[in-house]
Amino acid sequence: MSDPEIKTPSNFIKQIIDEDLKQGKNEGRVHTRFPPEPNGYLHIGHAKSICLNFGIAARYNGACNLRFDDTNPEKEEQEYVDSIKKDVRWLGFSWDEREYFASDYFDKFYEFAIKLIEDGKAFVCDLDAGQMREYRGTLKEPGTESPFKNRSVAENLDLFTRMKNGEFPDGSKTLRAKIDMSSGNINMRDPVIYRIQRASHHRTGDAWCIYPMYDYAHCVSDSLEGITHSLCTLEFEDHRPLYDWYLDQLEIYHSRQYEFARLNLSYTMVSKRKLLLLVKEGHVSGWDDPRMPTLSGLRRRGYPPEAIIDFCERIGLAKADSTVDIAMLEFSVRDFLNRHALRVMGVINPLKVVITNYPENAMDELDAINNPENPDAGTRKVPFSRELYIERDDFMEEPPKKFFRLAPGREVRLRYAFFITCNEAVKDEMGNITELRCTYDPETRGGDAPDGRKVKATLHWVSAQHAVKAEIRRYEHLFTKENPEEGGDFQSNINPDSLTVLNECFIEPSIKGSSSGQTYQFERLGYFCVDPDSAAEKIVFNRTVTLKDTWKKIQQK
RNA sequence: UGGGGUGUCGCCAAGCUGGUAAGGCACCGGAUUCUGGUUCCGGCAUCCGGGGGUUCGAAUCCUCCCACCCCAGCCA
């Protein structure tokens, strides 16, 4: 069957392949392809397809090609092919030398089209777009034959050659397949094979003024590459008869198409077209805005590729339309980062603490563990001094029952440092707390009391004079609704608080010199990753995801 | 009677050669813990869109019905 080492859940595609292998189809070969159109950036939905196609190939000792489906020059650009390659590589998949472009096959597509004409299976049609729509019929009524369907082979050949040579204006003629205008499947109502389109192609330039349609180009590309299992999304189910028709008529290697449900994620939009709108309308800063579900956005946000792959394995594969809870993606991110991110202390919303019984100019260095999940990550020194910052949320003047943190008269532990007791909350004239005056117990250095005394909370902190000031960008879901389309337009469901910039954040000095993309766990807060906007004078962090917060849950009750 | 699909726990998803509902996320307990994190233990569908039928026995077979999704680009 397959490698027992790789134990991902079964799904209908694997079952089909297992059966094919058992029957000896394709000489035991398994060959897939990931076929993006270079007209936008890849998103989390594509990741599902990438993991599927490359994953299947790996599992069955086969191969997966990267093929750019570039048959519509008006929408495609080199910028997109570059970003796509970068993203697939980032996820960790390799297509080796098998990087193909549908445009590489333009000559072959043309020759095969000639064959269809010669066999009397295609004709040149003079109907314009509007007329063709009328002749096509409707969902319930059959279409009408084109008046040009009966042209002779010779005339079709002549006309098609002249189409190619640029003798006719854009849109004035098409090459069409002769199938069945009364088919219940509209795709079979004499579909267009080639259209005239004078647009400069990102790779072939102006060499062609006719371009093949997806249905024709895709199946032929699959065939030429010897793709055994051509996996695509559900909306192409209706196209499968046409996919099969072309390959049958052309009598070339017959790849098989199988369809699976695309990924939908709660609080997220997964549509290249709509994501492009978010960018164009300025709701986000670009395709790589950390709030975007694009792979470039997730990367900048700090989502590790391993987490994305893990997520894609966890969600499974089926044919039922579904919307996966975004919490599942966040789980995969936390799960990976918990095991790999170095821990550090940082205060996002600072409250000054003065240790009144600590000498003015003294300082201490405490040992802190870099990652409790991984002893090999070692330890580091964290500076301590008289003036510190703690998180504002960690102090309450009048604490409710279940609040274990700092309060007047209460003793808590400063992580890896000392027990401190709060004696006074200093306020300004407005009544806002500006500073806490506390005393520490020198005997508790390192975090444990020799007398066995316990505290109910451990707080993170940072030494004021040693801390690095940072900007933190805190992200929430981009949409306020689980389904961004709820109510008709996603624009009205955009979350106005999806980004909060905090400028007064203080991080322990060990993060100095971190490079862009480096991710840390700020203890008790979440995972944060260095943004490329960081400069020597100012480090910027993106909040990748928070830690689970049961205190927040208790509060909300 | 256009055509093509899909309906199993709040969200994904196994199961499909009939034998009496995996797992994950979420959620709810409880234990451990110098992160109210992690980890650990326990709970969480007598029921598989609905009705009928076949059978000793059906989520799995038959049948009727219902709901939802996709298709009328010279886009992919």
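None of these values were measured; they are calculated from a predicted model. The sequence lines fix the lettering, A, B, ..., with proteins before strands; numbering per chain opens at 1.
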- Item | Sugar-phosphate, base or nothing in reach of F68(A), heavy atoms under 4.0 Å | nothing
- Is the glycosidic angle of G73(B) within 90° of 0, making it syn, or outside that range, making it anti? syn
- Query: With rounding to whole Å, what would you report as the distance between C9(B) and G49(B) at their C1' atoms?
  - Reply: 15 Å
- Take R415(A) and A129(A), find for each the nucleotide of RNA chain B with the closest heavy atom, and name the residue whose nucleotide sits nearer the 5' end. R415(A)
- Query: Do Q257(A) and E259(A) meet the criterion of a side-chain donor-acceptor pair at a distance under 3.5 Å?
  - Reply: yes
N/O to N/O distances under 3.5 Å, protein versus nucleotides 68-70 of chain B:
unit_1	atom_1	unit_2	atom_2	d
C69(B)	O2'	D321(A)	OD2	3.4

- Message: Mind checking if D215(A) touches a base, just sugar-phosphate, or nothing, with heavy atoms under 4.0 Å?
- Response: nothing
- Query: For L139(A), which contact category applies under a 4.0 Å heavy-atom criterion: base, sugar-phosphate, or nothing?
  - Reply: base
- Sort and list the pairs that fulfil ring-ring contact (aromatic ring centres under 6.0 Å, His included) and have at least one residue in residues 159-188 of chain A, not counting sequence neighbours. Y110(A)-F160(A), F160(A)-Y194(A)
- Message: As a test of reading the structure: which of U35(B), A76(B), A13(B) is closest to the side chain of S322(A), going by heavy atoms?
- Response: A13(B)
- Query: Considering only heavy atoms, which members of residues 182-201 of chain A lie under 4.0 Å from some atom of RNA chain B?
  - Reply: G184(A), N185(A), I186(A), V192(A), R195(A)
- Message: Would you say R415(A) and T458(A) are linked by a side-chain donor-acceptor pair, where the criterion is simply a distance under 3.5 Å?
- Response: no
- Query: Given that H218(A) and I315(A) both sit by RNA chain B, which one's nearest nucleotide is further toward the 5' end?
  - Reply: I315(A)
- Message: I'd like to check the ring pair (Phe, Tyr, Trp, His ring centres under 6.0 Å) partners of Y80(A); sequence neighbours left out, ordered by chain and number.
- Response: Y41(A)
- Task: Identify, with sequence neighbours excluded, every residue that meets side-chain hydrogen bond (donor to acceptor under 3.5 Å, both in side chains) alongside R195(A).
- Result: none
- Rounded P spacing from G57(B) to G18(B) in Å: 15 Å
- Identify, with sequence neighbours excluded, every residue that meets ring pair (Phe, Tyr, Trp, His ring centres under 6.0 Å) alongside H43(A). H46(A)
- Query: Which residues pass the side-chain hydrogen bond (donor to acceptor under 3.5 Å, both in side chains) test with R136(A), sequence neighbours left out?
  - Reply: none
- Note on the structure: With the side chain defined as heavy atoms from C-beta on, T458(A) is closest, among G5(B), A14(B), U35(B), to U35(B)
- Classify the nucleic acid contact of R136(A) as base, sugar-phosphate or nothing, counting any heavy atom under 4.0 Å across all strands shown. sugar-phosphate
- Residues which pass side chain to side chain contact (heavy atoms under 4.5 Å, CB included) with N156(A), listed by chain and number, not counting sequence neighbours: I117(A), F123(A), V124(A), R151(A)
- Could you pull out all residues at least two apart from H202(A) that satisfy ring pair (Phe, Tyr, Trp, His ring centres under 6.0 Å)? none
Grab the N/O contacts between the protein and nucleotides 24-26 of chain B below 3.5 Å, and write none if there aren't any.
unit_1	atom_1	unit_2	atom_2	d
G24(B)	O2'	R314(A)	NH1	2.9

- Query: Is there a donor N/O on one and an acceptor N/O on the other, under 3.5 Å, for the side chain of Q521(A) and the base of U35(B)?
  - Reply: yes
- Message: Applying side chain to side chain contact (heavy atoms under 4.5 Å, CB included), can you list everything that pairs with E134(A), at least two apart in sequence or on another chain?
- Response: none
Solution key, residues 318-328 of chain A side-chain donor-acceptor pairs under 3.5 Å, sequence neighbours excluded:
unit_1	atom_1	unit_2	atom_2	d
K319(A)	NZ	E237(A)	OE2	2.7
D325(A)	OD1	A327(A)	N	3.0

